[in-house]
Amino acid sequence: MAAVAITKAAFPRVGLVGLGIMGGTMAEALLQQGYEVCGADIDPKALARLKRAGGLCLSSAAEVAARSDVVIVSLSTSKALAQVTESIASLPKAQWRHKPIVIETSTLPMADKQACADALGKLGITTLDAPISGTAVRIKERAWTFFVSGKETAHRKVLPVLQVFTDKVSFVGPYGNGTKMKFAANHLVAIYNVAYAESVTLARKMGLNPQDVLDLFGNSPVLGTGVMRLRMPMMLERQYSPPTMKVEVWQKDMQVIGDMAKSVDCPTPLFSTCAAIYTSAMAMGLAMEDTASTAEVMSSMAGVAPAKGRGKKPLKP
């Protein structure tokens with residue numbers, strides 16, 4: 001039997017609520033693959049980006065849900081998620097063409113994500129908990145991982161949409177397991193960032209060229225990681241913008257992970273030590289820069305001269 005081509009009309013209509021670094025990147029990727037995409041965000045610049053890419057800008061999460069088969073939610077705060085949930089729930093029954101599947105990708109406290117799923121569930125809307133491990137720049141490498149949890153039937157329905165971004169889409173069980181997996185992943189990333197900042201600083205203090213550290217260790221099957229290859233180049237140049245993950249946003253993730261660890265009586269001494277480094281980065285005015293800027297905290301602690309002109313042009317090691 002001859003293969004049947006999937007036409008643009010056969011694609012599910014996808015809505016994005018939250019068009020920040022991650023949400024905006026997903027919207028562009030979907031549009032490039034021929035999907036019909038609409039979106040909503042409180043930031044006019046984010047909406048302008050969607051419009052330039054060919055998407056439809058809407059004024060509320062409710063409008064997005066009413067027009068979409070699949071809704072991807074990408075938000076930075078629990079307050080925003082509660083507002084989005086309330087917006088969707090406020091849509092009059094007469095305006096529902098059908099009920100979309102909601103894919104909640106934010107890294108937020110489990111109780112807040114469960115409240116969203118419960119509220120939408122009362123409307124007959126299925127919500128999947130599906131956080132993403134990876135940064136926006138790595139979508140080009142298809143290096144994201146989705147940790148999808150919830151109803152497996154819903155997971156199968158949205159799988160083609162998620163595979164636009166990556167082949168690494170893992171179903172990890174009941175609703176909430178996705179967020180727990182993301183916590184475990186970000187726990188490691190938090191430690192890696194500071195470890196690499198410390199390594200770069202040690203190399204500088206010993207009189208080595210830290211570029212050699214990256215060249216020799218970056219692709220090592222033993223020492224190298226994706227986090228090293230992503231963030232150590234920023235540390236070498238002492239250039240942290242544009243950010244792949246802002247220190248300010250990362251502070252929220254650190255708090256959420258720490259609270260989860262306490263709730264299950266799990267000691268996290270390495271993670272707890274790293275938290276102070278990110279707080280110091282905030283105090284140094286690095287809130288809006290990449291988490292690789294933890295290298296500037298380590299440099300300051302080690303007596304390395306501040307980078308002149310940082311944020312304007314790359315500096316050599």
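Because only heavy atoms are used, hydrogens play no part in the values below, and waters and symmetry mates are left out as well, while side chains stay in. We're numbering straight along the sequence, starting at 1.
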Could you tell me whether a side-chain N or O of [X] sits under 3.5 Å from a main-chain N or O of [Y], the two making a donor and an acceptor?
X    : Y    : result
K252 : T107 : yes
K51  : A46  : no
D112 : S78  : no
Y175 : K113 : yes
S68  : A65  : no
E104 : S106 : yes
T279 : A275 : yes
W250 : Y278 : no
D41  : L47  : no
S280 : A276 : yes

Running the 4.5 Å side-chain criterion over Ile, Leu, Val, Met, Phe, Trp and Tyr, what cluster does V71 land in, apart from itself?
V17, L56, L58, V64, V73, L75, L81, V84, I88, L91, W96, V102, L108, L120, L123, I125
First locate atom [atom1] of [X], then atom [atom2] of [Y], and finally report the distance between them rounded to the nearest 0.5 Å.
X    : Y    : atom1 : atom2 : result
L214 : M232 : CG    : CE    : 6.0 Å
L270 : I191 : CG    : CD1   : 5.0 Å
S90  : E86  : OG    : CD    : 7.0 Å
F271 : F183 : CZ    : CZ    : 10.0 Å
M298 : K205 : CE    : NZ    : 11.5 Å
K182 : I257 : NZ    : CD1   : 8.0 Å

Is the number of heavy atoms from other residues, nucleotides or ligands within 6.0 Å of [atom1] ([X]) greater than 12?
X    : atom1 : result
K168 : NZ    : yes
M181 : CE    : no
Q114 : CD    : yes
K99  : NZ    : yes
Q95  : CD    : yes

Can you label the angle between the F171 ring and the H155 ring as parallel, tilted or perpendicular, going by 30° and 60°?
tilted
Are [X] and [Y] packed together at the side-chain level, in the sense that at least one heavy-atom pair is separated by less than 4.5 angstrom?
X    : Y    : result
Y35  : V161 : yes
L30  : Q33  : no
D212 : F217 : no
W144 : M22  : yes
L50  : L31  : yes
M254 : N186 : no
V158 : I103 : yes
H98  : D69  : yes

Step by step, work out the side-chain contact (heavy atoms from CB on, under 4.5 Å) result for E63 and C38.
CA-CA 9 Å; E63 289 185 65; C38 64; over 6 Å; no
Full working for side-chain contact (heavy atoms from CB on, under 4.5 Å) between T179 and M260
CA-CA 11 Å; T179 286; M260 172 59 81; 5.8 Å; no
At their closest point, which heavy atom of A53 faces which heavy atom of E28, and how far apart are they?
CB-CG, 3.9 Å
Check step by step if side-chain contact (heavy atoms from CB on, under 4.5 Å) holds for R49 and T25.
CA-CA 10 Å; R49 176 184 177 186; T25 297; 3.4 Å; yes
Hydrogens and angles aside, do [X] and [Y] bring a side-chain donor and acceptor to less than 3.5 Å of each other?
X    : Y    : result
Q163 : D167 : no
E296 : T294 : no
S149 : N177 : no
T225 : Y196 : yes

For the side chain to side chain donor-acceptor pair (under 3.5 Å) test, which of K246, Q251, R231 pairs with T291?
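The residue from K246, Q251, R231 that satisfies side chain to side chain donor-acceptor pair (under 3.5 Å) with T291 turns out to be R231.
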Does [X] belong to the same Ile/Leu/Val/Met/Phe/Trp/Tyr cluster as [Y], with side-chain heavy atoms less than 4.5 Å apart forming each link?
X    : Y    : value
M282 : L286 : no
F11  : M26  : yes
L128 : I132 : yes
L202 : M228 : no
V172 : V189 : no

Working note: M301 + T201, criterion side-chain contact (heavy atoms from CB on, under 4.5 Å); need CA distance, chi angles, decisive distance, verdict.
CA-CA 10 Å; M301 292 171 68; T201 303; over 6 Å; no
